[in-house]
Amino acid sequence: MTPDHCAVLIVGAGPAGLAAALELKRLGVTDVRVVEREEEAGGIPRICHHTGFGMRDLRRLYTGPAYARHYVRRAEMAGIEIHTSTAVTGWAGPTTLTLTSPRGVNQIQAQAILLATGCRERPRSARLIPGSRPQGIFTTGSLQRFVYQYGQRVGRRAVVVGAELVSLSALLTLAHARIPVAAMVTEFPHHQIYFPYLPVKWWLADLMLRVPLITRAQVSRIIGRQRVEAVEISHLDSGQTEAIACDTVVFTGDWIPEHELARLGNIVIDPATRGPRVDTCLRTSVRGVFAAGNLLRGAETADSAALEGRYAARCIRSFLEQGTWPDHVLPLQVEAPIAWISPNAVVVSEDRLGLGGFVFRVSEFCQGAKVRVYQGDRVMHTQMFRRLLPNRSAHLGDDWLAAVRPDGEALRVTLG
Amino acid sequence: MDNDQIIYDVAVIGAGVVGAAIARELSRYDLQCVLLEAGPDVGIGTSKANTAVWHTGFDAKPGTLEARLLRRSYALLQEYVPEAGIPAEYLGAVLVAWTKDQQDALPGLLERAHQNGVTDVRRLSRDEVYELEPNLNQGALGGLYVPGESVLCTYTLPLALATQAVLNDVTLKLNHPVRDILSEPDGTYVLDGPGGKVRCRYLVNAAGLYSDEIDRLLGHHDFTVVPRRGELIVFDKMARSLVNHILLPVPTAVSKGVLISPTVYGNVMLGPTAEDLNDKTETSSSAAGLRLLWQKGEAILPRLLDEEVTAVYAGLRAATEHADYQIRLHAAQRYVCVGGIRSTGVSSCLGIAEYVVELLGEAGLPLSPRKEFRPVRMPYIGEAGTRPYQSPEMIATNPDYGRVICYCERVTLGEILDALHAVIPARTLDGLKRRTRVLHGRCQGFHCHAAVAAVLARETGQSMGQVLMLEDGDDA
């Protein structure tokens, strides 16, 4: 099979992929192609019908579908080729991908590839929750498609597992479908929902007040033969269990990057994020392959993904012009309770991150936390945080990057 | 409810892999047969929830019926599997000894294998074990290599057998449990149940977990089925490169033990547990079972646990108080009971079928071959061969084979439509899952659950509420 050629091939037409394509176009890079496995471009925002999109990248608030439409329309106006219903199935060379679409099977060889394949929520099975396997088990993603794309009321009484930002999307979706919520369950002592933008705060707060929140608890069993009949909840502190009658369970959050394509290409994966390891120019371990968006570390808001896509585009353009690729990177390792940091590798002598710093998350609630970056025993950077929440990202400054020594000692990020 | 007026020559109760194989074997002859299944689909009892290992029978007790039929079936399946397009991978097994006791049991197992006619089994030194399986945990002492042990698709096999039976004029009745059996004065049986009455002259009981209950309806008390639960964990395809062979433990009296095996879908399976229960419908997984598997997995292949879990399931084996199969001809009753197949039905089904038809012949069933015995070719859903998404030729004939709906398992719209319009069509999401692998992958429906449900609803005339088993099917 002789491959097609293009300058830049972007995998995934979500916020990161489309923002990258637009920025490349603006920077004068021609011959950019975007492939998308869904029938429509736009990514996950298409199925999130609530507002809250676009604040940082577009400087106004959109609903998810309007935000997706905005990007798709701009891409179309810019003359960017978007191939929908096109699934990338593997690698035929270091920067050559194999694709399947209704038009057939083909290969595309690109000078640079941007992986922007997004993320998914960890499903029930991967959370090892025992019990039966009836219908009525969803993730926020599958629920939103049923409710918004197909107009279905998929149940009559729901339990929502998780209490982070995306869990709020699940609540909004259930409210839209007029499905009452019996409980929202989190293993943490508090919910981790924060209201990112003031204009929507009051009505979300109102919604939250109406949902019984069960903290320090886990769903420990699914009950029901053909359809969910109840879930068993275990209280982590008392060890007691109780059954909650419901016919719908929505597993929310607990993100896994869609890293499989990256792994099939033998791209190094960061053990903490489970996304491709990327340096401060969003370069992966394979020359010519970049990664951006939620593939890097699970879901951030769409605007963060879009900003990352734009930044990746600038990095790609300099690669196309200069052809340089680092031979060696220093991985950034994290120590508990820091869950991950992104980007997670540093190239010595490279200057500041065009993203305004690193993002990181913690795995437990932390008050008055001091985050430090070490190289060997030397403290490179210290930053105070009044409060850190699990499932919520914080920003770490990058003005220490220039001081990283080339002698190759490992970089660690700790919290004390 | 339909009361069939036909008097069938043979009725087979139970469309698991064994019943389907018997029905197929009968369909070679000039007979009118019916295959009755209590559930809504073929192969959804013990047949679907097991390890999918295609056993050679190397460790069966020599001289038993099970050993003999496993051996015979192995040869028959070697022909049938490629002919019918059943996904299979000829991996071979490495049986690993971790303790002195297990190491000491190896010579006996080797001898047993040779007695069973599985002559290619051989001892492995410690180093050879690690050469074959470099990711194995430390501490293995040695092992056995069983080149013939393989894996196959336990969804496709019973479907292929039942489809071929139907193609050769066997009547398949789903949702047709048998609750009562009446002997008529004219020597026929009336099989009665909520699905209607069926009349037949000869009867085969392949009811799996319920075979003892059917046997009692005919006045026998030869065995009692004890459902033995086996829980299994399926790991992500990214784990596939960690393991090359089926990793068997040294078997014990109760069970073949917890094994790790690649699946024909490119995943890695860990299981099963073995726990005797009272409830023949209890196919839930348990916290204790999953904990046990996790420990076992860690002990055998530690890196496996770093990968994501794709699925967890549990199945029930039809164990009895007897060690061997309970296959009996009651010639005067023109009745063959096929019970106690435990966990080896997938491997022994063709051998059992051949034997059962022989027994029916002994009881007087006239066996004259039909003019034509039509073959079957199933859609290929394995990972080792070419699937539609990889085939430019198939996509050129029908672009729907290039329209990937399930991204994780790379199932195309064309395959989903085929399964919905097959000889034995899918009618539920689970039925589609078994025929195509859709919803079978790592995201468990995050991406395609709604799209697949919509296609199923549209093609079968159901509402989305019915597809999702909301009781009255209203989708408000």
Side-chain angles (χ1 to χ4, degrees), chain A residues 1 37-39 85-87 89 98 100-106 120-147 149-156 177-178 220-223 225-227 247 256 258-260 263-264 271 274, chain B residues 231 233-234 236-238 281-290 294 306 308-314 388-392 395-396 399-404 407-408 410 412-413 428-430 442-451 453-454 457 463-465 467-471 474-476:
Chain A
M1 197 178 293
R37 58 193 186 178
E38 301 255 344
E39 284 181 340
S85 296
T86 302
T89 59
T98 308
T100 290
S101 76
R103 295 171 299 282
V105 178
N106 72 315
R120 61 176 186 270
E121 290 163 293
R122 193 167 268 126
R124 174 261 177 114
S125 53
R127 302 177 191 218
L128 286 178
I129 294 167
S132 57
R133 301 208 294 163
Q135 294 294 327
I137 300 172
F138 302 92
T139 48
T140 313
S142 68
L143 176 77
Q144 285 176 324
R145 287 178 202 255
F146 271 110
V147 171
Q149 291 190 316
Y150 295 93
Q152 295 298 312
R153 185 180 180 208
V154 296
R156 299 202 175 79
R178 291 175 290 112
S220 49
R221 188 173 168 79
I222 305 277
I223 300 159
R225 294 236 188 264
Q226 293 207 303
R227 177 79 195 196
D247 64 7
I256 320 172
E258 289 268 311
H259 64 197
E260 290 74 21
R263 289 183 71 183
L264 289 176
R274 299 202 143 215
Chain B
E231 297 173 54
I233 298 176
V234 178
D236 193 277
K237 293 183 203 318
M238 289 294 150
T281 62
E282 182 51 295
T283 54
S284 295
S285 54
S286 69
L290 299 182
W294 209 253
D306 295 339
E308 290 292 328
V309 167
T310 294
V312 170
Y313 63 95
Y389 81 88
Q390 297 165 306
S391 164
I395 300 171
D400 281 347
Y401 290 125
R403 207 172 281 282
V404 178
Y407 309 129
C408 304
R410 295 163 178 182
T412 63
L413 179 62
T428 60
L429 284 173
D430 284 333
R442 54 175 67 100
C443 90
Q444 294 281 301
F446 177 90
H447 296 296
C448 75
H449 193 179
S463 70
M464 286 280 244
V467 165
L468 293 173
M469 304 285 176
L470 273 170
E471 61 269 70
D474 101 63
D475 47 7

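A note on names: the letters A, B, ... follow the listed sequences, proteins ahead of strands, and every chain is numbered from 1.
When every heavy atom of A:Arg133 is checked against every heavy atom of B:Val312, the shortest pair comes out as CD-O, 3.3 Å. A:Pro102 and A:Ser85 get closest at one heavy-atom pair: CD-O, 3.4 Å. Between A:Arg145 and B:Phe446 the shortest heavy-atom distance is NE-O, 3.6 Å.
Using a 4.5 Å cut-off between heavy atoms, A:Ile256 contacts chain B through its side chain alone, with no backbone atom that close. The contact between B:Ala453 and chain A is made entirely by side chain atoms (from C-beta outward), counting heavy-atom distances below 4.5 Å. For chain B, the nearby part of A:Tyr150 is the side chain; its heavy atoms alone come within less than 4.5 Å. B:Glu231 does not touch chain A: none of its heavy atoms, backbone or side chain, sits under 4.5 Å away. Contact of B:Ala287 with chain A is made through backbone and side chain together, with heavy-atom distances under 4.5 Å. Looking at B:Leu468, the atoms closer than 4.5 Å to chain A (heavy atoms on both sides) sit in the backbone and in the side chain alike. Of the two parts of B:Thr281, the backbone and the side chain both hold a non-hydrogen atom closer than 4.5 Å to a non-hydrogen atom of chain A. Interface residue B:Val467: only backbone heavy atoms are found under 4.5 Å from chain A. Using a 4.5 Å cut-off between heavy atoms, B:Leu413 does not touch chain A at all. Residue contact with chain B, scored on non-hydrogen atoms closer than 4.5 Å, involves the side chain of A:Arg221 exclusively.
Here A:Glu260 does not pair with B:Lys237 in a salt bridge; the nearest charged N to carboxylate O distance is not below 4.0 Å. A:Glu258 and A:Arg37 are joined by a salt bridge, as a carboxylate oxygen and a charged side-chain nitrogen come within less than 4.0 angstrom of each other.
For A:Pro123, the side-chain contact (heavy atoms from CB on, under 4.5 Å) partners two or more places apart in sequence, or in a different chain, are A:Ser125, A:Ala126, B:Gln444. With sequence neighbours excluded, the residues forming a side-chain contact (heavy atoms from CB on, under 4.5 Å) with A:Arg263 are A:His259, A:Ile269, B:Met238, B:Glu307, listed by chain and number.
In terms of heavy-atom pairs under 4.5 angstrom with chain B, the leader among A:Gln226, A:Gln144, A:Arg103, A:Met1 is A:Gln226. Top candidate by heavy-atom pairs under 4.5 Å with chain B, chosen from A:Thr89, A:Thr139, A:Leu128, A:Val147, is A:Thr89. With chain A as the partner, the residue from B:Glu282, B:Gln390, B:Arg442 showing the most heavy-atom pairs under 4.5 Å is B:Arg442. Counting heavy-atom pairs under 4.5 Å between each of A:Gly131, A:Ala87, A:Ser132, A:Ser220 and chain B puts A:Gly131 at the top. When each of B:Tyr407, B:Tyr389, B:Tyr401, B:Trp294 is scored by its heavy-atom pairs under 4.5 Å with chain A, the top score falls to B:Tyr407. With chain B as the partner, the residue from A:Arg124, A:Gln149, A:Arg122 showing the most heavy-atom pairs under 4.5 Å is A:Arg122.
Between the side chain of A:Asp247 and the backbone N or O of A:Arg156, at least one donor-acceptor pair lies under 3.5 Å. Put simply, the side chain of A:Arg178 never gets that close to the backbone of A:Arg153: no donor and acceptor are under 3.5 Å apart.
Separation of atoms CD1 (B:Ile233) and OG1 (B:Thr310) is listed at 11.5 Å; rounding is to 0.5 Å.
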